[in-house]
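Since we're looking at a predicted model, the values are computed, not measured. Proteins come first, then strands; the chains are lettered A, B, ... in the order of their sequence lines, and each starts at number 1.
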Amino acid sequence: MRIGYPCKNLTLENAYSSTFRLKSFSETRFNETVKNNLCYLLKILGFNKKNNILFFRISSDIIPFASHPICQTDWSHAFKTELNEIGDFIKKNNMRVSMHPDQFVVLNSTSEKVIENSIRELQYHSKVLESMTLPTDAKIQIHIGGVYGDKNMAKEKFINSFNKLEGYLKERIIIENDDRSYSLKDCLDVHSETGTPIVFDTFHHECLNHNETMQEALFCSASTWKHSLDGNPIIDYSSQSIGERKGKHAKTIDKNHFIALHKELKKFIQKGSTDLDVMLEIKDKEASALLSLALTK
DNA sequence: AGTTGTCAAGCTAGT
DNA sequence: ACTAGCTTGACAACT
């Protein structure tokens with residue numbers, strides 16, 4: 001079981017993907033920023049390797065404005081050396097990475113323009129992973145999208161949009177159950193029409209479920225992954241930030257809550273034929289990842 | 001140097 | 001009507 005954290009490292013200095021305002025866009029600014037971001041990504045991966053953290057989510061900001069028309073740079077060519085070096089490091093060390101495009105990626109939107117933008121954004125994410133020559137277990141995780149007052153129609157819309165995507169995108173995209181609209185069951189409905197693997201988010205499942213047992217939920221979601229192509233099923237983990245509104249992610253790992261979940265995961269792994277990789281969506285990033293490794297040794 | 005308004009993009013639920 | 005939240009507050013203009 002690999003443990004990971006998202007997007008940035010709080011121990012290392014400046015170890016996040018910096019960006020800038022669209023108004024400040026220039027070729028120079030773009031190149032400087034990308035060079036820096038790639039350099040810090042490699043540093044983060046180095047830190048992770050030393051600490052046995054073998055899973056990491058790459059920030060969508062790594063190439064700023066990559067899917068915007070203003071960006072005309074062939075960055076995958078210009079930074080081929082750096083991108084290859086990162087990809088080689090990941091592969092050499094049995095690491096895994098994923099990406100999670102932000103809320104603007106909505107494949108079932110009622111606006112064609114939004115869908116077009118979403119596809120461009122997905123193409124960009126895929127290009128990052130392709131440029132690192134990573135296999136298709138390096139996934140791009142999205143939500144199903146809006147409901148628009150009719151969930152069945154909205155699901156159909158997602159299925160339609162998804163099935164029209166190019167094959168190289170379909171191979172990378174995975175769908176995540178969310179905390180308010182689309183439950184695991186909804187994701188399974190979509191999966192049956194698209195074949196998209198489901199990344200099971202245990203915290204969202206606590207917020208929105210159909211009373212499945214944890215073992216049932218793990219079995220259903222893990223069954224949507226084709227091991228040779230997709231790698232280990234991914235689990236997103238977090239817990240409720242106490243005293244804050246429902247769905248807000250915890251600032252730091254809740255030890256007992258995590259240990260209980262970890263037991264369930266272990267139980268599932270032992271009786272099943274598959275391992276799992278766990279992404280910790282917790283605000284304090286690598287601190288919780290390190291703690292979780294210590295707790296489960 | 002420190003503070004604060006704003007940022008490419010969507011949608012939902014809570015206030 | 002407005003805002004917090006989402007994978008993540010940081011950039012940039014102002015005081």
**Request:** Strictly below 4.0 Å, heavy-atom distances to any atom of DNA chain C: list the hits from residues 113-142 of chain A, or just say none.
**Result:**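 Contacts with DNA chain C under 4.0 Å: none.
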Using a heavy-atom cut-off of under 4.0 Å over every strand shown, decide if [X] touches base, sugar-phosphate, or nothing.
X: V105(A); result: nothing
X: F65(A); result: base
X: Q103(A); result: base

**D61(A) CG - dG9(C) P separation (whole Å)** = 12 Å
**Asked** Could you state the CD1-C1' distance from I282(A) to dC6(C), rounded to the nearest angstrom?
**Response**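 So the CD1-C1' distance, I282(A) to dC6(C), works out to 16 Å.
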**Message:** So does E176(A) get a backbone contact from the side chain of D201(A), meaning a donor-acceptor N/O pair under 3.5 Å?
**Reply:** no
Count the heavy atoms belonging to other residues, nucleotides or ligands that lie under 6.0 Å from [atom1] of [X], then report whether that count exceeds 12.
X: K170(A); atom1: NZ; result: yes
X: Y148(A); atom1: OH; result: yes
X: K271(A); atom1: NZ; result: yes

[M] and [N], which share atom name [atom1], separated by this distance in whole Å:
N: dC11(C); M: dG10(B); atom1: C1'; answer: 22 Å
N: dA1(B); M: dT8(C); atom1: P; answer: 31 Å
N: dG5(B); M: dT3(C); atom1: C1'; answer: 16 Å
N: dA4(C); M: dG9(C); atom1: C1'; answer: 13 Å
N: dA10(C); M: dG5(C); atom1: P; answer: 16 Å

**Request:** Side chain of K283(A) only, please: which of dT7(C), dC6(C), dG10(B) is the nearest?
**Result:**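 Output: dC6(C).
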**Request:** Among the candidates dT7(C), dA13(B), dG10(B), find the nucleotide nearest to the side-chain atoms of R180(A).
**Result:**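 Ranking dT7(C), dA13(B), dG10(B) by closest atom to the R180(A) side chain puts dA13(B) first.
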Does the side chain of [X] get closer than 4.0 angstrom to OP1 or OP2 of [N] through an N or O atom?
X: K151(A); N: dC11(B); answer: no
X: S111(A); N: dG10(B); answer: no
X: H100(A); N: dC6(C); answer: no

Are the side chains of [X] and [Y] in touch, meaning some heavy atoms are under 4.5 Å apart?
X: I58(A); Y: L41(A); result: yes
X: L295(A); Y: K255(A); result: yes
X: Y237(A); Y: L265(A); result: no
X: N37(A); Y: I63(A); result: no
X: I269(A); Y: M1(A); result: yes

**Complete:** Each nucleotide of nucleotides 10-15 of chain C classed B (base within 4.0 Å of a protein heavy atom), S (only sugar-phosphate) or -, in 5' to 3' order, makes BBS---
**Asked** Hey, would you say the F20(A) and F30(A) ring centroids sit under 6.0 Å apart?
**Response**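 Judged by ring-centre distance (under 6.0 Å), F20(A) and F30(A) do not meet the cut-off.
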**Asked** Are the ring centres of H257(A) and H262(A) closer than 6.0 Å?
**Response**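 Not under 6.0 Å, so no.
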**Asked** Ring-on-base stacking between F104(A) and dG10(B), under 5.5 Å between centres and under 30° between planes: is it there?
**Response** no
**Message:** In this structure, would I174(A) and L107(A) fall into the same cluster of hydrophobic residues linked by side-chain contacts under 4.5 Å?
**Reply:**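 As far as the 4.5 Å side-chain criterion goes, L107(A) and I174(A) are not connected within one cluster.
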**Message:** Identify the stems formed by DNA chain B, where each pair is Watson-Crick or G-U wobble with both distances under 3.5 angstrom and a stem is at least 3 consecutive pairs.
**Reply:**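 The stems are B:1-7 with C:9-15, B:10-15 with C:1-6.
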